[in-house]
2 protein chains.
Amino acid sequence: MPVFHSSAGEAALLDTEAATSRTERRDQQVARILDAAKTCFVRSGFQGASMQQICSEVGMSPGALYRYFPSKEAIIEAITEADRRRDAEIFSVLTLGGDVVDGFVAAAMAHIRYMHESGNAPLFAEIRAESMRNDAIDFACKMSMKDVDDSFRSFLRGAVDRGEIDPCADLDTILPVMVAFGEGLAINDLPAQGVDFERLEVVIRAIATAVLRPTGRSTAS
Amino acid sequence: MPVFHSSAGEAALLDTEAATSRTERRDQQVARILDAAKTCFVRSGFQGASMQQICSEVGMSPGALYRYFPSKEAIIEAITEADRRRDAEIFSVLTLGGDVVDGFVAAAMAHIRYMHESGNAPLFAEIRAESMRNDAIDFACKMSMKDVDDSFRSFLRGAVDRGEIDPCADLDTILPVMVAFGEGLAINDLPAQGVDFERLEVVIRAIATAVLRPTGRSTAS
DNA sequence: GATTTATGCGAATGATCATTCTCAATTTAT
DNA sequence: ATAAATTGAGAATGATCATTCGCATAAATC
C-alpha cells in the first residue's frame with residue numbers, strides 16, 4: 001500500500017506541508033535519503049553501511065531508492081560534496097573585514113564550534129579517509145578546499161601588501177599548515193574532550209599571532 | 001602441494017633464513033600477514049578489503065590464514081596497535097634533553113618526516129575514521145596516545161617548574177591542541193604536497209615558541 | 001617409527017551485498 | 001477519460017562476503 005498521501009490538485013495548498021510540485025517533492029526525497037544515508041555512514045562507515053540499511057533508515061524500498069540515486073557511490077559523492085560545501089562556508093563568511101588575527105581566530109573558532117555542534121567529526125574523518133583512495137571524493141575535497149584556500153590567500157596577501165602583517169614564512173607554507181591544523185582540530189573535536197572554548201581561543205590566538213606577525217599597522221582596532 | 005620448504009631438523013641452520021624455530025616461523029607468518037593486510041587496507045580500507053584479497057596478497061589460503069588470526073577484526077586491531085605503537089615511538093624518543101622548543105620542533109619534524117617516508121598517512125586516516133565507531137580501535141588509539149601525552153606532559157611540566165617556559169595556557173589545553181595539530185599534519189603529509197621541510201620547520205618553530213613562551217632561562221643553548 | 005600436533009589447501013557455507021526486474025499505483029499530460 | 005510518465009514496493013539476481021570444514025602433509029614428540 002503506497003503512501004502517496006494528500007494533494008490531489010489545488011486542495012493540497014491548504015496542507016501544512018505547503019505546495020509540493022513535482023520537482024519540490026523530488027528534492028525533499030533526495031534530502032531525506034541523504035540525511036538517512038549520513039546517519040548510516042556515520043554509524044558504519046561508507047563501506048560498512050549497506051543499501052538495505054539506508055533503505056530501512058529512509059523507510060523506502062531499494063527499487064524506490066534507486067529512482068533517486070544510480071548507485072551507492074553516487075550517494076557517497078553527494079554527501080561528501082554537501083558536507084565539504086557547508087564546511088567551507090563557515091570559513092568563507094568570516095574571512096572578510098576586521099583585524100587579520102581577529103578574523104583568523106574567529107574563523108577557526110567558528111569552525112571548531114560548528115564541528116562540535118553538528119557532530120560531523122566522524123563524517124569528516126570518514127570522508128578524509130575515503131579521499132585517500134577514491135579519486136572522486138579526493139576531487140570533491142580539493143574543490144571545496146580550493147575556495148577556502150583562495151579566500152584565505154587573498155585575505156592574507158592583502159594584509160601583507162598593506163603592511164599589516166609580516167608572516168614568519170611564505171603563504172604557500174602557512175596556508176597548508178593552517179589547513180592541516182584545522183583538519184586536526186576537526187577530527188579531534190576538542191570541546192567534546194573537555195577542552196574549554198576560551199582557553200582554546202587563547203592558544204589559537206597565540207598561534208595566529210606568531211605565524212602572521214602583525215606589525216601593529218592594522219586598519220582595524 | 002604444500003610449501004613447507006627447507007629445514008628438516010638441524011640442516012636448516014646453514015640456510016640464509018637462519019634458524020626457524022616453531023614460534024619464530026609463526027611470528028614470521030604473522031608478520032607477513034600483517035604486512036599484506038596493511039597493503040590491502042591502504043588500498044581499499046578496512047571494510048573494503050576482503051579476506052580473500054588479503055589471502056591473495058599473502059599467498060595463503062583462507063584456511064591457513066585463520067590459523068593465525070581468528071577474525072578480520074583481529075587483524076585490524078593488530079595492525080592498528082602496531083601502527084600506533086610505532087608512531088608513538090617517534091615522539092617518546094625525542095622529548096628528552098635539549099631546549100624545550102628545540103625538542104618540540106624536533107619531535108614534530110621527525111613525525112612529519114616519518115609519516116612522509118613511511119607513506120602511512122592513508123592508514124592513519126583509516127585508523128582514525130574507524131576509531132570513531134569501533135571501540136576496540138578507539139581504545140588502542142587512546143592507549144598509545146596516553147604514552148605520548150604522559151611524556152610530553154612531564155617534559156613540559158618540568159620545563160615550567162624550572163622556569164624555562166611560561167605557556168600561554170595550561171597544559172590541559174596546549175597538549176590536546178598540539179596532538180590535534182600533529183594529527184592534522186599526519187593525514188595531510190605536507191611534504192608530499194610540495195611544502196618545503198625547512199620552511200615548514202620555521203612555521204612550526206614559530207608556533208611552538210608562541211605557545212610555550214620560553215623565558216630565556218633555558219638550561220640548554 | 002609411531003603418534004600427536006601444527007600447518008596448509010581449497011571447496012563449501014549461509015549470509016549479505018549492490019543492483020535489477022516486474023508490476024502496481026499515482027500523477028501529469030492529452 | 002485516457003494515455004504517458006513517474007514513483008513506489010518487494011522479490012529476485014548473481015556476486016561476494018567472512019568464516020568453517022574435511023582432509024593431507026610436515027614437524028615435533030615420544
Side-chain angles (χ1 to χ4, degrees), chain A residues 1-13 15 17 19-33 36-37 40-41 44-78 134, chain B residues 1-13 15 17 19-33 36-37 40-41 44-78 134:
Chain A
M1 44 168 151
V3 206
F4 288 93
H5 51 30
S6 73
S7 84
E10 329 286 312
L13 284 170
D15 273 23
E17 306 186 16
T20 55
S21 78
R22 198 57 166 267
T23 58
E24 276 172 346
R25 180 182 160 72
R26 214 185 148 73
D27 289 347
Q28 283 173 11
Q29 293 286 65
V30 166
R32 284 207 319 132
I33 292 169
C40 293
F41 288 149
S44 317
F46 286 147
Q47 323 250 21
S50 75
M51 290 299 261
Q52 299 286 353
Q53 288 173 320
I54 296 173
C55 287
S56 298
E57 189 75 28
V58 201
M60 196 182 258
S61 67
L65 200 154
Y66 273 84
R67 298 279 183 196
Y68 296 93
F69 290 95
S71 67
K72 186 182 174 182
E73 173 72 16
I75 298 180
I76 294 173
E77 287 174 21
N134 184 328
Chain B
M1 43 168 149
V3 207
F4 289 92
H5 50 30
S6 73
S7 83
E10 329 286 313
L13 282 171
D15 273 22
E17 306 185 15
T20 54
S21 78
R22 200 57 166 266
T23 58
E24 275 173 346
R25 180 183 159 73
R26 198 160 219 290
D27 289 347
Q28 282 173 11
Q29 293 287 65
V30 166
R32 284 206 318 133
I33 292 170
C40 293
F41 288 150
S44 317
F46 286 147
Q47 323 250 25
S50 74
M51 289 300 261
Q52 300 285 353
Q53 288 173 320
I54 296 173
C55 286
S56 298
E57 190 74 29
V58 200
M60 196 181 259
S61 67
L65 200 154
Y66 272 83
R67 300 276 184 198
Y68 296 92
F69 289 95
S71 67
K72 185 181 174 182
E73 172 72 15
I75 298 179
I76 293 173
E77 287 174 22
N134 184 329

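Numbers restart at 1 for each chain; the letters A, B, ... are given by sequence-line order, proteins then strands. Keep in mind it's a predicted model, so treat the numbers as computed, not measured.
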Sequence neighbours excluded, the answer for side chain to side chain donor-acceptor pair (under 3.5 Å) partners of Q52(A) is none

Q29(B) meets the side chain to side chain donor-acceptor pair (under 3.5 Å) criterion, sequence neighbours left out, with R32(B)

Side-chain atoms of R25(B) come closest, of dA18(D), dG10(D), dG8(C), to dG8(C)

Sorted by position of nearest nucleotide on DNA chain D, 5' first, the leading residue of A49(B) and R22(B) is A49(B)

Q29(B) CD to dT7(C) P, in whole Å, measures 9 Å

In whole angstroms, the gap separating P of dA18(D) from CD1 of I75(B) amounts to 10 Å

C40(A) and A49(A) have their tightest heavy-atom pair at O-CB, 3.7 Å

Residues L65(A) and M51(A): closest non-hydrogen pair is CD2-CE, 4.0 Å

Q52(A) atom CD is separated from dC17(C) atom P, nearest whole Å, by 7 Å

Taking dG8(C), dT19(C), dG10(D) as options, the one with an atom nearest any side-chain atom of K72(A) is dT19(C)

Here the distance between atom P of dC17(C) and atom CE of M51(B), to the nearest Å, is 18 Å

Rounded to whole Å, the CZ-C1' distance (F69(A) to dT7(D)) equals 15 Å

Closest non-hydrogen atoms of Q53(A) and S44(A), given as atom of the first, atom of the second and distance, are OE1-OG, 4.4 Å

* Asked: Does a donor on one side chain sit under 3.5 Å from an acceptor on the other, for N134(B) and E73(B)?
  -> yes

Worksheet item: Do any side-chain nitrogens or oxygens of S50(B) fall under 4.0 Å of OP1 or OP2 in dC17(D)?
Response: yes

Hey, what are the protein-to-nucleotides 20-22 of chain C N/O distances that come in under 3.5 Å?
none

R32(B) atom CZ is separated from dG8(C) atom C1', nearest whole Å, by 12 Å

E24(A) CD to dT28(C) P, in whole Å, measures 12 Å

To the nearest angstrom, the CD1-C1' distance between I33(B) and dG8(C) comes to 12 Å

Side chain E57(A), main chain I54(A), donor-acceptor under 3.5 Å: no

Walking DNA chain C from its 5' end, the first of S71(A) and R26(B) to be reached, judged by nearest nucleotide, is R26(B)

